[in-house]
Amino acid sequence: MHKGKGMKFVGDSRISAERKPNIPKDYSEYPGRTEAFWPNFLLKEWLAGAVFLVGFLSLTLAHPSPLEGMADPTDAAYIPLPDWYFLFLYELLKYEFASGDFILLGMLVLPGLGFGALLLAPFLDNGPGRRPHQRPVAVGMMLLGLVSVIWLTYTSASHVDWESRAEANKPIPQAEVTIDTEHPGFASYENSCLACHGNELEGGAGPALVGMDLSAEEIADIAVNGIGSMPADQFTGTDEELEQLVDFIIAVNESAE
Amino acid sequence: MLQKIYDWIDDRIDITPIWRDIADHEVPEHVNPAHHFSAFVYCFGGLTFFVVVIQILSGMFLTMYYVPDIQNAWKSVYYLQTEVAHGQIVRGMHHWGASVVIVMLLLHTLRVFFQGAYKKPRELNWVVGVLIFFVMLGLGFTGYLLPWDNKAYFATQVGLEMAEQVPFIGQQLKILLAGDATIVGAQTLTRFFAIHVFFLPAALFGLLAAHFILIRKQGISGPL
């Protein structure tokens, strides 16, 4: 910085009145084929970034982000699962020496040692050599840690049936359904279906009857003949009552849309 | 015209040295994939930052629809996903970006580690980088709860149970995060939202600034 007598400033500020030309440095004297970042190298980075962005957007288009059903704290059967990059810690806690009485070992000591060593790596590996073969201990520990994390993540993920998880936890919006108890089909619903499918068709022992993709004939057929684990002859009224029941279920479905 | 505007500003705030500090630096041959293709390993740090920018921008747009309360959080995400124009893409970018940023961060860390680039005089920048990694994992953990679906809820419950088992401060730590000693609920969601959207990004910006200033100050490590 220029100092001393004879300095000129802009007004009463500390900005020097002496203008420096906005010309980039000449890197041609630097060793090797050194390039200026602006604008030469930035343009290439920009192109690489554009290619990366296209790939990334293709991923988001091909695989929409998953969303499960709204959180239900009373769902005792739900098996919790963290995001994939925490799976190795989750899997570690399943080992005998890292759970139960040894939970602190699995939860704090082992990850603490690993991440602590990572944080302090430059002070633990403080020799002058940079090449991997000049620091076998550091490189060996890193490879060991890396292989363990990959192995733990792999074993943890391979135990999970991702497809059936996604299938069992589909997001179903809590639609505002209107139940018309005056509907001629309601009495049949109350007698034959309500016990399993709920007051508002929201499901219970049986699945929800709102948001199905079924025709009137298919609904009538299921009511009489059953489907899956639902036994036949749940509905035992007349044909006219069956028609009214189907009409009622469809009416509720329409009110939910 | 542009030159005149530049000169007008430069006349008042002497912008040229600032601009040169930011933009004018050398790219040595050994890090330039145009000269040695294997130098693409030097791209991982830049790509991490690129994904961080994607996360910040997509996150800003997500908060325009997201409602951090237990009645509406899931509904607002569902609405965003199914009704809002391109909402699925914006949420998809944030969701996948969270994974891609971890992958890129890991690759960048491994590049620096195996090249021994953290050795003197660059120890402090390595420490700052590992702290960025921790902040990023924290962002992943807190962001996982926000959609308030079953996997979010139960994973967070497990995480909080683990926090509770930390000796001496476990109970306080859990209450700090969850807002209650036993309930994972409304307080937990707002706290995780605040941590995810304000506290951790603030820490991240500070650390990123330190990371970049140190790189510019020390220059990139030489070839092996």
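We name chains A, B, ... by the order of the sequence lines, and we start the count at 1 in each one.
W126(B) contributes a side-chain N or O that, together with a main-chain N or O of L118(A), makes up a donor-acceptor pair within less than 3.5 Å. Counting only distance, with no hydrogens or angles, the side chain of N32(B) and the backbone of T34(A) share no donor-acceptor pair below 3.5 Å. Side chain of R131(A) to main chain of L224(B): a donor-acceptor pair is present (N/O by atom type, distance under 3.5 Å, no hydrogens or angles). A donor-acceptor contact shorter than 3.5 Å links the side chain of R91(B) to the backbone of P66(A). Without hydrogens or angle criteria, E68(A) side chain to D149(B) main chain gives no donor-acceptor distance under 3.5 Å. Although no hydrogens or angles enter the test, the distance criterion places a donor-acceptor pair under 3.5 Å between the side chain of Q81(B) and the main chain of S65(A).
If you measure heavy-atom distances from L81(A) to chain B, the contacts under 4.5 Å come from the backbone alone. Contacts between Y6(B) and chain A at a heavy-atom distance below 4.5 Å involve the side chain alone, from C-beta outward. F113(B) touches chain A through backbone and side chain together, each having a heavy atom under 4.5 Å away. Neither the backbone nor the side chain of L89(A) has a heavy atom closer than 4.5 Å to any heavy atom of chain B. Contact of L42(A) with chain B is not made at all, since no heavy-atom distance falls under 4.5 Å. At a 4.5 Å heavy-atom cutoff, the contact between L61(A) and chain B is made by side-chain atoms alone. When heavy atoms are compared at a cutoff of 4.5 Å, K25(A) approaches chain B by way of both its backbone and its side chain. Using a 4.5 Å cut-off between heavy atoms, F50(B) contacts chain A through its side chain alone, with no backbone atom that close. Looking at F115(A), the atoms closer than 4.5 Å to chain B (heavy atoms on both sides) sit in the backbone and in the side chain alike. The parts of V139(A) that come within reach of chain B are both its backbone and its side chain, each placing non-hydrogen atoms under 4.5 angstrom from that chain. Contact of A17(A) with chain B is not made at all, since no heavy-atom distance falls under 4.5 Å.
For the pair Q157(B) and P73(A), the minimum side-chain heavy-atom distance is 4.5 Å or more. No side-chain heavy atom of D83(A) sits less than 4.5 Å from a side-chain heavy atom of F141(B).
Relative ring orientation between H25(B) and F37(A) is described as parallel, the plane-to-plane angle staying below 30° on a 0-90° scale split at 30° and 60°. By the 30° and 60° cut-offs, the orientation of the rings of W19(B) relative to W38(A) is perpendicular.
Atoms NZ and CE, from K75(B) and M70(A) in turn, are 6.0 Å apart once rounded to the nearest 0.5 Å. Summarising the geometry, atom CH2 belonging to W96(B) is positioned 9.5 Å from atom CZ belonging to F56(A); distances are rounded to the nearest 0.5 Å.
Note on Y78(A), Y90(A), W84(A), F86(A): by heavy-atom pairs under 4.5 Å with chain B, the leading option is Y78(A). The candidate from P17(B), G92(B), P33(B) with the greatest count of non-hydrogen atom pairs under 4.5 Å with chain A is G92(B). Counting heavy-atom pairs closer than 4.5 Å to chain B, the top-ranked of the candidates V10(A), L119(A), L120(A) is L119(A).
For K119(B) and D125(A), the salt-bridge test passes: some basic side-chain N is under 4.0 Å from an acidic carboxylate O. Checked for salt-bridge contact, D7(B) and R19(A) miss the test: no charged N lies under 4.0 Å from a carboxylate O.
The shortest non-hydrogen separation linking P167(B) to L104(A) is CD-CD2, 3.8 Å.
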*F154(B) and I79(A): CA distance, side-chain angles, deciding distance, side chain to side chain contact (heavy atoms under 4.5 Å, CB included) verdict*: CA-CA 8 Å; F154(B) 289 101; I79(A) 302 160; over 6 Å; no
